[in-house]
Protein chains: 2
Amino acid sequence: MSPDYDLTQYQNPLFTVDSVLFTILQDSLKVLLVKRANAPFKGRWGLPGGFVDVELDDNTDMSALRKIKEKTSVAPQYLEQLQAFSGINRDPRGFSVTLVYYALISPQQVATQIDSVDDVRWVDLSEIPDLAVAFDHKHIIEKAKARLQQKALYSMIPVYCLPDQFTIGQLKTAIEAIISKPIQRKSLVRRIEASNMFEALDEKVKSGGRLAQLYKLKPDVDIVHFERNLSLG
Amino acid sequence: MSPDYDLTQYQNPLFTVDSVLFTILQDSLKVLLVKRANAPFKGRWGLPGGFVDVELDDNTDMSALRKIKEKTSVAPQYLEQLQAFSGINRDPRGFSVTLVYYALISPQQVATQIDSVDDVRWVDLSEIPDLAVAFDHKHIIEKAKARLQQKALYSMIPVYCLPDQFTIGQLKTAIEAIISKPIQRKSLVRRIEASNMFEALDEKVKSGGRLAQLYKLKPDVDIVHFERNLSLG
DNA sequence: CAAATAGTGTCTTTAAGACAATATATA
DNA sequence: TATATATTGTCTTAAAGACACTATTTG
């Protein structure tokens with residue numbers, strides 16, 4: 001074997017793939033945590049993830065998806081790479097790299113699955129600071145939340161936290177839960193119109209007052225990125 | 001050893017760190033390529049990068065920086081993680097992951113170093129499609145360029161492709177080289193003012209017409225993100 | 001002075017913010 | 001009818017686009 005191929009000269013870092021799975025439940029933002037079955041941090045809550053399985057995964061997207069499916073039994077509606085986190089100290093076993101994805105899913109899709117087990121739980125973002133979390137996963141969750149907040153200002157990705165039929169009120173609530181700020185309903189209506197991503201259904205639904213129009217994503221639409229952010233204030 | 005720690009049950013993917021280093025040279029966007037000294041793709045042009053050295057690198061940022069310094073002898077003014085690229089087919093040696101950074105540097109900082117060797121070269125972005133490039137690095141360069149273009153619309157990062165003293169005209173030219181579209185000088189002036197990131201020097205400099213005001217970054221400023229994009233057209 | 005580039009003034013345009021007004025449910 | 005929520009209308013505001021106009025330098 002040529003020295004060019006001598007991979008043993010470098011100690012390959014420990015490489016894992018983890019995911020921050022978000023949803024909106026009870027009008028607030030939740031993240032999926034899993035009770036760790038193995039050391040290190042056995043018994044603590046952590047992000048769903050693990051090692052790449054070269055036999056099963058064509059790439060890391062599939063590793064992330066496979067691990068999410070193991071815990072929720074369904075594929076999320078939205079999945080995107082966040083970033084890698086690495087370091088000499090983040091895992092007691094040595095230099096490690098975790099490639100982190102973040103994902104959005106509607107709570108209905110996973111409700112029965114999650115309610116039936118006690119090692120998987122939706123955790124409110126407000127509980128995270130006080131919770132003992134494995135590795136640097138607390139930090140990772142904060143980064144994922146920041147990215148989601150940013151993206152909510154110039155795109156419609158919060159719809160992927162909702163059922164596929166939803167009202168403008170639900171979408172408004174979801175966005176406000178994500179960014180922790182009220183937004184103008186009118187701005188949202190304008191964006192729904194301008195993006196051309198959605199279609200109004202014939203159906204309307206109860207809401208406590210006037211019936212609300214149901215919308216759904218048009219099939220196979222691309223996500224529109226608006227050229228301005230919603231304002232924070 | 002507990003089975004929890006049995007890492008041999010998984011074949012750890014091949015992990016590398018690569019960087020797409022950009023600069024502005026002759027009013028156009030260039031990327032730094034390195035002639036590969038080793039297989040695979042020995043002799044082809046590729047991105048600077050390589051394996052993590054657990055002895056030298058505290059994290060992957062330092063791996064990226066170390067490799068860039070090896071080729072240019074200086075640290076870039078801007079360095080940010082782009083994304084990981086992975087797959088079963090992108091490296092003949094098997095499942096591999098490369099964590100890619102992109103970086104910006106002023107050409108003056110590296111000119112003498114690069115001119116003195118023949119295995120490192122600034123390549124114009126327009127040459128990339130016709131060039132034989134190692135691995136999936138052509139695809140990676142396109143992704144890095146897209147990210148840089150996007151970011152140029154709502155931030156001032158193109159200044160990191162310039163010398164630390166620069167004129168508005170130079171910055172305008174740099175942005176236009178990155179996004180391949182003309183922009184309004186007035187918009188740029190307004191952003192320089194609004195961002196409060198820069199200070200005008202006492203000095204002015206020749207430009208072919210009226211003398212141009214020199215600016216520099218204020219020390220330790222954070223990069224401002226504007227709430228709107230410059231328009232494409 | 002002509003040409004070139006720098007810098008300013010200002011009107012227009014675009015899309016969001018603010019919020020009033022109207023519509024339609026339920027108790 | 002009172003209340004709650006949905007929907008629409010429209011005026012204001014913020015920041016970019018367009019582009020004319022002035023300023024300053026060199027040949």
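Predicted, not measured: the structure shown is a model, and the values here were computed from it. Reminder, nothing fancy here: chain letters follow the sequence lines and each chain counts from 1.
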Notebook entry, point to check: Is B/Gln184 near enough to D/dA16 that one of its side-chain N or O atoms lies under 4.0 angstrom from OP1 or OP2?
Noted result: no
Notebook entry, point to check: B/Ile192 CD1 to D/dA15 C1': how many Å, rounded?
Noted result: 16 Å
Notebook entry, point to check: Which nucleotide in the list C/dG17, D/dA16, C/dG7 gets nearest to the side chain of B/Leu230?
Noted result: D/dA16
Checklist line | Nearest-Å distance for atom pair CG/C1', residues A/Leu188 and C/dA18 | finding: 16 Å
Checklist line | Rounded distance (Å) that lies between atom P of C/dA6 and atom CD of B/Glu193 | finding: 18 Å
Margin query: Rounding to an integer number of Å, can you tell me how far A/Ile175 CD1 sits from C/dA16 P?
Written below: 12 Å
Checklist line | Rounded distance in Å - CD1 (B/Ile179) to P (D/dA16) | finding: 13 Å
Margin query: Taking donor-acceptor contacts at under 3.5 Å, does the side chain of A/Arg228 reach the base of C/dT14?
Written below: yes
Next item on the list: Mind checking ring pair (Phe, Tyr, Trp, His ring centres under 6.0 Å) for A/Phe166 and listing every partner two or more places apart, or none if nothing turns up?
Entry: A/Phe198
Check: When we call it a touch if two heavy atoms are under 4.0 Å apart, what does A/Gln213 touch: a base, just sugar-phosphate, or nothing?
Finding: sugar-phosphate
Next item on the list: Remember a base hit wins even if backbone is also touched, and classify B/Lys204 as base, sugar-phosphate or nothing at under 4.0 Å, heavy atoms.
Entry: nothing
Margin query: Check this for me, if you would: do A/Glu142 and A/Lys138 make a salt bridge, where the nitrogen-to-carboxylate-oxygen distance has to be below 4.0 angstrom?
Written below: no
Next item on the list: Fit a plane to each ring of A/Tyr102 and A/Phe22, take the angle between them on a 0 to 90° scale, and name the class: parallel (under 30°), tilted (30 to 60°) or perpendicular (over 60°).
Entry: perpendicular
Margin query: Between P on D/dT5 and CG on A/Leu214, what's the gap in Å once rounded to a whole number?
Written below: 17 Å
Checklist line | Nearest-Å distance for atom pair CD/C1', residues B/Gln170 and C/dT5 | finding: 13 Å
Margin query: Expressed as a whole number of angstroms, how long is the span from A/Leu211:CG to C/dA23:C1'?
Written below: 11 Å
Next item on the list: Please determine if a side-chain N or O atom of B/Ser231 lies less than 4.0 Å away from the OP1 or OP2 oxygen of D/dG17.
Entry: yes
Next item on the list: Go through D/dT8, D/dG17, C/dA6 for me and flag the one nearest to the B/Arg190 side chain.
Entry: D/dG17
Item checked: Partner residues of A/Phe85 under the ring pair (Phe, Tyr, Trp, His ring centres under 6.0 Å) criterion, sequence neighbours left out -> A/His139
Margin query: At less than 3.5 Å, do the side-chain atoms of A/Arg210 and the base atoms of D/dA6 form a donor-acceptor pair?
Written below: yes
Note to self: Would the base of C/dG9 count as contacting B/Lys186 through its side chain, where contact means a donor and an acceptor less than 3.5 Å apart?
What the structure shows: yes
Note to self: More than 12 heavy atoms of other residues, nucleotides or ligands under 6.0 Å from NZ of A/Lys216: yes or no?
What the structure shows: no
Check: Between B/Gly208 and B/Asn229, which has a closest nucleotide on DNA chain D that is more 5'?
Finding: B/Asn229
Margin query: For a quick check of understanding: with a heavy-atom distance under 4.0 Å over all strands, which category does B/Arg191 fall into, base, sugar-phosphate or nothing?
Written below: sugar-phosphate
